[in-house]
Amino acid sequence: MPGSESRMIQRPDWHTYFLEIAQLVSSRSTCIRRAVGAVITKDNRILATGYNGSPENISHCEEAGCLRKELGIPSGERHEICRGLHAEQNAIIQAAVYGVSVKDAKMFVTFQPCVVCAKMIINAKIGEVVFAGEYPDSLAMNLLQEAGVKMTRESIYKEGKCE
């Protein structure tokens, strides 16, 4: 039959697939320092997504300014003075708003979670976090490990593309 030639389909594995979706989700970020995206899945189905930025109906950082940047606060420190929420927080909140349980789910995030997000992940009973980029917060990793949350670092891009 004409046009029925077989073609080789290269489907990404699940981790790559969801990390690339998290990367796309990060493009909605309103943070002027770092764009982060998160995707929560269960049984290879998306439950919720989140990106970092200001809460609803609050001025975005590009309009209001970044106090952490103005004060020269290094990455990974003094989260409490940031006007935004992290991607992981927004994904967990989105699931809660719509009544979706994230117990035993996987979270795919473009960067390793901070300690605040780690504590939320632990109490939300998310079973695994797959992340691409590193984040300077060893306490977060220690807490996640102690709580039994599986942590997997994966590269977002294969074949020599940068992460």
Side-chain angles (χ1 to χ4, degrees), residues 15 17-147 149-154 156 163:
H15 282 191
Y17 176 71
F18 289 125
L19 281 172
E20 287 182 354
I21 292 172
Q23 183 66 38
L24 180 60
V25 170
S26 78
S27 70
R28 293 281 306 154
S29 170
T30 62
C31 178
I32 60 177
R33 289 178 63 153
R34 181 191 306 248
V36 180
V39 177
I40 301 175
T41 71
K42 193 165 189 179
D43 301 325
N44 293 327
R45 300 291 179 257
I46 296 173
L47 302 178
T49 65
Y51 53 86
N52 58 327
S54 300
E56 264 188 74
N57 303 317
I58 302 292
S59 300
H60 296 299
C61 299
E62 63 186 9
E63 301 158 352
C66 177
L67 184 56
R68 293 178 72 237
K69 183 177 180 178
E70 291 169 19
L71 296 175
I73 297 170
S75 184
E77 297 178 17
R78 300 290 316 269
H79 300 281
E80 76 278 4
I81 64 171
C82 177
R83 67 187 297 110
L85 292 161
H86 287 185
E88 301 94 325
Q89 295 167 349
N90 274 324
I92 292 168
I93 291 166
Q94 182 186 70
V97 166
Y98 292 101
V100 177
S101 172
V102 296
K103 183 179 180 190
D104 301 323
K106 276 189 187 180
M107 178 179 280
F108 293 83
V109 63
T110 55
F111 289 92
Q112 172 207 311
C114 73
V115 69
V116 175
C117 292
K119 291 185 277 188
M120 291 181 70
I121 289 165
I122 291 164
N123 276 3
K125 301 194 183 318
I126 292 172
E128 181 178 357
V129 176
V130 180
F131 65 100
E134 293 181 2
Y135 190 74
D137 196 332
S138 58
L139 178 57
M141 292 298 276
N142 291 341
L143 292 177
L144 289 159
Q145 181 180 12
E146 182 180 339
V149 176
K150 183 178 177 187
M151 297 298 293
T152 306
R153 181 155 194 258
E154 298 267 354
I156 292 178
E163 185 174 286

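Because the structure is predicted, anything quoted here is derived from the model rather than measured.
- Contact check for Q112 versus D137: side-chain heavy atoms found under the 4.5 Å cut-off.
- With sequence neighbours excluded, the residues that form a ring-ring contact (aromatic ring centres under 6.0 Å, His included) with H15 are F108.
- Here the closest heavy-atom approach between residue I40 and residue A105 is recorded as CG2-CB, 3.7 Å.
- Within a 6.0 Å radius of CG in D43, no more than 12 heavy atoms belonging to other residues, nucleotides or ligands are found.
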Hey, can you pull the donor-acceptor pairs under 3.5 Å for the side chains in residues 53-64, sequence neighbours left out?
unit_1: S54; atom_1: OG; unit_2: S59; atom_2: O; d: 3.0
unit_1: H60; atom_1: ND1; unit_2: T30; atom_2: OG1; d: 3.3
unit_1: E63; atom_1: OE1; unit_2: H60; atom_2: N; d: 3.1

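- Within the model, atoms CG of L47 and CD1 of I92 stand 11.5 Å from one another, a figure rounded to the nearest 0.5 Å.
- The local environment of CZ in R28 is sparse, with at most 12 non-hydrogen atoms from other residues, nucleotides or ligands closer than 6.0 Å.
- Considering only heavy atoms from C-beta on, I81 comes within 4.5 Å of L71 through its side chain.
- A35 and T110 get closest at one heavy-atom pair: O-OG1, 4.1 Å.
- Counting heavy atoms from C-beta on, the side chains of N90 and N52 never come closer than 4.5 Å.
- Counting heavy-atom neighbours within 6.0 Å of Q145 CD, excluding the residue itself, gives a total of 12 or less.
- Considering SG of C31 and OH of Y51, their distance stands at 12.5 Å, rounded to 0.5 Å.
- Between H79 and H86 there is a side-chain heavy-atom pair separated by less than 4.5 Å.
- For V130 against L19, the heavy-atom pair with the smallest separation is O-CD2, 3.8 Å.
- Heavy-atom neighbours of E146 CD from other residues, nucleotides or ligands within 6.0 Å: at or below the threshold of 12.
- The shortest distance between side-chain heavy atoms of F18 and K106 does not fall below 4.5 Å.
- You'll find the side chain of M107 reaches within 4.5 Å of the side chain of E88, heavy atoms only.
- Closest approach of P113 to I121, counting heavy atoms only: CG-CD1, 3.8 Å.
- Residues L143 and K119 are in side-chain contact: their nearest non-hydrogen atoms beyond the backbone lie under 4.5 Å apart.
- The two residues V102 and A95 make their nearest non-hydrogen contact at CG1-CB, 3.6 Å.
- Scanning both residues, S75 and P136, for their nearest heavy atoms gives O-CG, 3.5 Å.
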